[in-house]
Amino acid sequence: MNKKSLFVILLALFYVNSTSLAESIALKNKQQANKTSSNLYRNIKLRKDDGAIYIDLFLARSRDGYETDSMQICVSAEKCAKDDWTLIGGADYFNTSLYSEVNTTKLDGNNIYTAFNLCQISNAGGEVSMGGQCLTITGQNENKKFVYNSYLGRASKCRPDSMCWQKLAKERVSFISRFLKEYKIKISEQSK
């Protein structure tokens, strides 16, 4: 076998190996999404940037122009002490007229705060309005601050304080709890 043939074989093996690794990571994230979110999300993508982890949670099906929900986790004490992160993790985060009344619940012994807010939606014609109902959850877990934003549905469906939104809010809080437990190791690795 000549050097040229050997190089081509090694190059092909490298390509197959790196593609397989990427596919393996994507499959593992998809399996984790199914494990932690039942039928809410189809995939999860994590990326790190300067002391924070940004997470895209791909919805099982697109709704009213929304493809993803999002979560941000501050993992370094330095990052958590500056910018917008100083308000995240506490009820003061919701001190604007954009949010409804703040609710406090316990998550693994820590207080988390939830509030509803109107958000943009788009129709089939591409027109945008503030007709969506969203939920924001913020809190701290093991010295890490997080904020989670989720699209719930059209605001005309029911009032923010009614049972239909409360049920969806409880599902999201349950998801956050499972997600943070399930991804604890991965988040710790990303924070290094």
Tell me every residue that passes ring pair (Phe, Tyr, Trp, His ring centres under 6.0 Å) with Tyr66, counting only those two or more places apart in sequence or in another chain. Tyr151
Euclidean distance, [Y] [atom2] relative to [X] [atom1], rounded to 0.5 Å:
X	Y	atom1	atom2	answer
Phe94	Tyr113	CZ	OH	10.0 Å
Asn110	Thr105	CG	OG1	11.0 Å
Lys145	Thr86	NZ	OG1	6.0 Å
Ile137	Ser177	CD1	OG	10.5 Å
Leu135	Leu168	CG	CG	9.0 Å
Lys144	Ile53	NZ	CD1	8.0 Å

Any side-chain donor near an acceptor of the partner, Tyr54 and Asp49, under 3.5 Å: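 Asp49 and Tyr54 do not have a side-chain donor-acceptor pair below 3.5 Å.
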Any idea which heavy atoms bring [X] and [Y] closest together, and the distance?
X	Y	value
Phe146	Ile88	O-CG2, 3.5 Å
Asp50	Lys79	O-CD, 3.3 Å
Leu118	Ala155	CD2-CB, 3.7 Å
Arg154	Asp64	NH2-OD1, 3.0 Å

Between [Y] and [X], is there a side-chain heavy-atom distance shorter than 4.5 Å?
X	Y	answer
Tyr148	Phe179	no
Arg172	Leu40	yes
Val173	Ile112	yes
Glu67	Asp56	no
Thr68	Leu57	no

I'd like to know if the side chain of [X] reaches the main chain of [Y], judged simply by a donor and an acceptor atom lying under 3.5 Å from each other, with no hydrogens or angles considered.
X	Y	result
Thr138	Gly89	yes
Arg42	Leu59	yes
Ser100	Phe116	yes

Verdict with reasoning, Ile55 to Lys45, per side chain to side chain contact (heavy atoms under 4.5 Å, CB included): CA-CA 6 Å; Ile55 303 162; Lys45 179 181 168 189; over 6 Å; no
Cluster overlap Tyr93 with Trp85, hydrophobic side-chain contacts below 4.5 Å: yes
Same cluster or not: Phe175 versus Leu180, using hydrophobic residues (I, L, V, M, F, W, Y) connected whenever any side-chain heavy atoms lie under 4.5 Å apart?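 Same cluster: Phe175 reaches Leu180 through Ile, Leu, Val, Met, Phe, Trp or Tyr contacts under 4.5 Å.
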Give every residue pair that meets the disulfide bond (SG atoms under 2.5 Å apart) criterion with at least one member in residues 67-101, sequence neighbours excluded. Cys74-Cys80
